[in-house]
Amino acid sequence: ANALEIDHQTGAAGRLYRAVHSKLGDQDPNFLNAFTRHLLRAGEWQQAQKRAQAAVRIAPEDQEAWAYLGTAWRLLGDAREDWLCDYERSIVFLEVGTPDDFADRDAHIAALQSVLSRLHQAHREPIQQSLRKGSQTPGRLFGRPIPEIEKTQAALTRTIESWLTSLPRQNDHPFYQRNTGSIRYTGSWSVKLRSSGNHVNHIHSQGWISSAYYVALPPSVAAEQTSDDSVHPGSIQFGQPPSELELGLSPRRTIKPRIGHLALFPSYMWHGTVPFEDDQPRLTVAFDMRPAFD
């Protein structure tokens with residue numbers, strides 16, 4: 001069914017998905033996610049909502065299922081999209097304090113840029129990742145015995161856990177209800193995008209909170225925005241589903257990057273970046289987190 005879907009044979013894919021659903025029912029969240037993805041693309045939004053709701057009932061921490069449910073609610077004009085995504089409160093852009101042992105932010109950023117540049121050995125992006133025209137550091141970034149990275153991680157943790165104290169308490173909300181006040185890292189890496197590079201819209205299935213920390217920006221991205229209505233090159237955008245779903249939906253919120261600042265957002269939030277044209281790269285540190293005591 002998935003192969004037929006990729007080959008744009010939507011009708012044939014739908015027949016297979018329904019045949020499998022008649023046998024499996026609403027028991028397997030991975031199957032339900034695939035079926036929901038098909039239903040969204042096929043324009044069957046009410047059915048997509050039902051299958052996504054079934055998925056989150058049996059797997060309440062499944063980030064992909066929540067992303068699809070939020071998309072179905074948006075397409076149906078359901079106010080629960082705003083409840084789930086909460087674009088103004090659950091997405092934040094924070095300045096990170098200077099880590100210990102650095103004179104100031106510029107000294108820290110320069111040292112971190114140097115370290116990360118040495119770690120970016122690949123000449124193109126890894127297969128099956130969201131980035132296009134860039135490179136990603138292999139393995140986990142945090143945990144390497146490199147002082148600049150260790151001190152950066154400590155500064156990021158302080159910033160994040162301070163922010164957690166400001167989040168609302170909502171016991172029925174899939175994002176807010178998991179807040180224990182502290183985090184553990186489940187993945188970490190650095191991305192270097194070159195000219196025309198970007199991240200396609202995606203989510204992070206292994207996280208609770210995801211992130212982007214800006215270490216270096218090319219002049220075209222760092223420049224002042226010329227108009228409130230323009231889409232600034234290199235910006236990060238939220239709420240727009242992947243293009244392969246063919247839904248034609250626009251982003252709900254866009255943030256212009258700044259060096260030394262950190263974007264945080266729910267891992268089920270669709271996000272991607274706007275391409276830029278520049279000779280200099282766009283360098284970030286990114287990581288996924290889960291509650292420390294879940």
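Numbers here simply count residues along the sequence, with the first being 1. A quick note: this is a predicted structure, and the numbers were derived from the prediction, not measured.
Nearest heavy-atom pair, Leu247 versus Leu40, reported as atom, atom and distance to 0.1 Å: CD2-O, 3.4 Å.
Counting only residues at least two apart or on different chains, no salt bridge (charged side-chain N to carboxylate O under 4.0 Å, His left out) pair has a member in residues 275-287. Among residues at least two apart or in separate chains, salt bridge (charged side-chain N to carboxylate O under 4.0 Å, His left out) pairs with a member in residues 9-38 are Arg18-Glu44, Asp26-Arg51, Arg37-Glu64.
Ring-plane geometry between His173 and Phe175 is classed as perpendicular, the angle between the planes exceeding 60 degrees on a 0 to 90 degree scale with a lower cut at 30.
Counting heavy atoms from C-beta outward, Pro242 and Val200 have side chains that stay 4.5 Å or more apart. Between Phe265 and Ile236 the shortest side-chain heavy-atom distance falls below 4.5 Å. The closest side-chain heavy-atom distance from Ile160 to Leu262 is below 4.5 Å. At a threshold of 4.5 Å between non-hydrogen side-chain atoms, the residues Pro257 and Val221 count as touching. Between Tyr68 and Phe35, every side-chain heavy-atom pair lies at or beyond the 4.5 Å cut-off. Side-chain contact between Arg252 and Phe238: absent, with no pair of heavy atoms (C-beta onward) separated by less than 4.5 Å.
Within the model, atoms CG of Leu245 and CG of Asn201 stand 10.0 Å from one another, a figure rounded to the nearest 0.5 Å.
Residue Leu16 is found in a hydrophobic cluster whose other members, listed by chain and number, are Leu4; membership requires side-chain heavy atoms under 4.5 Å apart, directly or through intermediates.
Checking Trp189, Tyr213, Phe287 one by one against Phe142, the ring-ring contact (aromatic ring centres under 6.0 Å, His included) holds for a single residue, Phe287.
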